[in-house]
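Computed from a predicted model, the values in this text were never measured in an experiment. First the proteins, then the strands, lettered A, B, ... as listed; each starts at 1. These numbers come from the heavy atoms of this one structure, side chains and all, not from hydrogens, waters or symmetry mates.
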Protein chains: 4
Amino acid sequence: MEFNEHKPIYLQIADTICDKILSEEWKPEERIPSVRELGVLLGVNPNTIMRTYDYLQSSDIIFNKRGVGYFISKDAKTTIISVQKHKFIQEELPKILKRMKLLGINPSELLKIDKDN
Amino acid sequence: MEFNEHKPIYLQIADTICDKILSEEWKPEERIPSVRELGVLLGVNPNTIMRTYDYLQSSDIIFNKRGVGYFISKDAKTTIISVQKHKFIQEELPKILKRMKLLGINPSELLKIDKDN
Amino acid sequence: MEFNEHKPIYLQIADTICDKILSEEWKPEERIPSVRELGVLLGVNPNTIMRTYDYLQSSDIIFNKRGVGYFISKDAKTTIISVQKHKFIQEELPKILKRMKLLGINPSELLKIDKDN
Amino acid sequence: MEFNEHKPIYLQIADTICDKILSEEWKPEERIPSVRELGVLLGVNPNTIMRTYDYLQSSDIIFNKRGVGYFISKDAKTTIISVQKHKFIQEELPKILKRMKLLGINPSELLKIDKDN
DNA sequence: GTGGTCTAGACCACC
DNA sequence: GTGGTCTAGACCACA
């Protein structure tokens with residue numbers, strides 16, 4: 001896996017996990033890869049994965065069964081959406097719209113680009 | 001000036017300079033404040049400003065006349081727009097649209113929000 | 001290490017690193033000394049080494065694995081040669097030949113001098 | 001006039017003057033432009049030209065008639081050649097040959113390139 | 001006055 | 001442990 005320059009790797013991994021949950025590729029109560037497995041898979045130090053899991057656990061998105069592994073929480077999807085949707089609309093969207101104006105991109109073009117994908 | 005926590009100060013300063021160029025508050029061939037002046041003005045160490053100027057110069061946005069100071073490049077605005085627009089459309093927009101879909105936000109709502117501002 | 005007076009130290013260090021790569025003393029994918037190690041080794045401030053590494057990274061000669069260290073790029077040698085060769089032939093050689101003419105040195109003497117070494 | 005990045009402007013100007021003398025575009029006893037004239041001509045601060053003239057005068061390449069101007073010394077050409085030729089052969093040539101080897105440029109190619117100009 | 005380089009030392013986030 | 005950023009302060013060459 002390739003990582004973005006400025007965002008911490010452990011958060012980038014958390015993001016892709018959230019995406020998998022949102023897209024229902026990973027479902028509630030399902031076991032997720034062990035710290036070591038995922039570490040090998042992504043070519044990343046296990047400590048970094050540990051940090052991702054810590055973070056997701058403290059956000060109630062995954063939970064741990066001691067000696068067994070980590071699992072997706074029952075309400076993971078709702079949790080993610082409620083947190084991220086609010087943050088996205090309140091904080092990020094205004095910035096995005098402002099930048100689009102400065103760069104001379106009309107928001108309506110956005111819909112067009114969207115359909116092309 | 002107040003700075004965001006996670007993005008380096010020198011880049012945040014670069015951003016505000018780019019914004020000034022885009023909004024034509026600062027025009028081509030115009031001299032910009034000296035390293036020391038801007039340092040005092042922003043309450044920041046001159047070395048940090050130097051780093052900003054280094055970065056902007058390597059991006060062809062400003063240039064240096066030795067012993068005189070830094071100046072806005074003739075094509076600064078075009079340069080900034082082309083770089084940022086490309087990056088925005090190629091890298092950021094896809095991510096944004098993907099996230100909106102995952103979060104269940106219809107892109108057309110975006111236009112509505114835009115009008116409200 | 002001893003440094004030339006007029007060229008910045010951080011560039012002189014960059015040069016010696018490039019030389020090590022060209023002579024294959026340092027090979028692709030190999031880790032290079034940490035900023036602090038090399039600083040101690042050369043009797044130079046770590047910041048100065050950091051600047052060297054910054055410069056080499058922006059030239060695609062080395063790359064960084066976060067939290068691990070810097071590594072020689074796969075194509076480092078080719079990159080260095082193509083950049084330097086181009087610069088040498090386009091910029092420096094014409095000047096050298098012109099000066100030799102003005103100073104009355106026949107270019108063929110150069111071969112003779114070369115053999116003496 | 002455009003200037004090289006790292007070499008002081010006043011020395012670069014001195015170089016071009018020496019070149020004019022070597023190529024006999026400027027001849028002994030001839031008056032050279034005044035500090036102000038040359039400053040305007042090259043788009044450079046008169047102080048910088050002054051420094052060039054100081055330097056050339058202390059090297060016996062030009063001399064000053066008070067209130068009249070600067071003039072090429074009678075032996076300017078020999079002076080320049082004797083100084084530069086020695087320096088070129090002793091100091092610069094070995095470096096050049098070494099770099100050519102590292103870059104894989106055969107000195108004999110040099111003669112070919114020379115003929116092409 | 002200008003930029004440019006360098007040191008020393010600190011603090012931080014990340015792996 | 002790693003790099004990365006920032007400050008403070010110094011010194012220098014150049015215009």
Item checked: Nearest-Å distance for atom pair OH/P, residues D:Tyr10 and F:dA13 -> 9 Å
Next item on the list: Tell me which residues in residues 47-64 of chain C put a heavy atom below 4.0 Å from DNA chain E, sorted by number, or none.
Entry: C:Asn47, C:Thr48, C:Arg51
Next item on the list: Name the residue closer to the 5' end of DNA chain F, choosing between C:Glu37 and D:Leu11 according to the nucleotide with the nearest heavy atom.
Entry: C:Glu37
Next item on the list: With DNA chain F as reference, determine whether C:Val68 or B:Gln12 sits nearer its 5' end, using the nearest nucleotide of each.
Entry: C:Val68
Notebook entry, point to check: How does DNA chain F look in dot-bracket form if you count Watson-Crick and G-U pairs under 3.5 Å, write [ ] for pairs that cross, and put | where a base pairs with another strand?
Noted result: ||||||||||||||.
Next item on the list: Return the set of residues passing salt bridge (charged side-chain N to carboxylate O under 4.0 Å, His left out) with D:Glu92 (not counting sequence neighbours), or none when no residue passes.
Entry: C:Arg99
Donor-acceptor contacts, no H, no angles, side chain residues 14-21 of chain B, under 3.5 Å, sequence neighbours left out:
from: B:Asp15; atom 1: OD2; to: B:Lys7; atom 2: NZ; distance (Å): 2.6
from: B:Thr16; atom 1: OG1; to: B:Ile13; atom 2: O; distance (Å): 2.9

Item checked: Where D:Gln12 and D:Phe3 come nearest, the two heavy atoms and their spacing -> OE1-CA, 3.5 Å
Next item on the list: Specify the residues of residues 27-34 of chain B, ordered by number, for which at least one heavy atom lies under 4.0 angstrom from an atom of DNA chain E.
Entry: B:Arg31, B:Ser34
Next item on the list: Applying side-chain contact (heavy atoms from CB on, under 4.5 Å), name anything that partners A:Lys95, two or more places apart in sequence or on another chain.
Entry: none
Item checked: Listed once per pair and sorted, the salt bridge (Lys or Arg N to Asp or Glu O under 4.0 Å) pairs that draw on residues 29-52 of chain C, sequence neighbours left out -> none
Next item on the list: Take C:Pro8 and A:His6, find for each the nucleotide of DNA chain E with the closest heavy atom, and name the residue whose nucleotide sits nearer the 5' end.
Entry: C:Pro8
Next item on the list: With the side chain counted from C-beta on, respond yes when C:Ser73 and C:Thr79 share a heavy-atom pair under 4.5 Å apart, and no when they do not.
Entry: no
Notebook entry, point to check: Are the side chains of B:Tyr10 and B:Val44 in touch, meaning some heavy atoms are under 4.5 Å apart?
Noted result: no
Item checked: Validation row: B:Lys77, B:Glu24 side chains within 4.5 angstrom (heavy atoms) -> yes
Margin query: A:Val83: which residues meet the side-chain contact (heavy atoms from CB on, under 4.5 Å) condition with it, sequence neighbours left out?
Written below: none
Item checked: Non-neighbouring partners of B:Val68 that pass side-chain contact (heavy atoms from CB on, under 4.5 Å), sequence neighbours left out -> B:Lys65, B:Phe71
Check: What is the minimum heavy-atom distance between D:Leu103 and C:Lys85, and which atoms define it?
Finding: O-NZ, 3.8 Å
Which atom pairs, one a donor and one an acceptor, fall under 3.5 Å between side chains of residues 53-62 of chain B and the rest of the protein, sequence neighbours left out?
from: B:Tyr53; atom 1: OH; to: B:Pro33; atom 2: O; distance (Å): 2.7
from: B:Ser58; atom 1: OG; to: B:Tyr55; atom 2: O; distance (Å): 2.8
from: B:Ser59; atom 1: OG; to: B:Tyr55; atom 2: O; distance (Å): 2.9

Margin query: Once you apply a heavy-atom cut-off of 4.0 Å, does D:Val44 come out as touching a base, just sugar-phosphate, or nothing?
Written below: nothing
Checklist line | For chain C, the stretch of DNA chain E it reaches, first to last nucleotide, under 4.0 Å of its heavy atoms | finding: E:dT5 to E:dC15
Margin query: I'd like to check the side-chain contact (heavy atoms from CB on, under 4.5 Å) partners of B:Asn47; sequence neighbours left out, ordered by chain and number.
Written below: B:Asn45
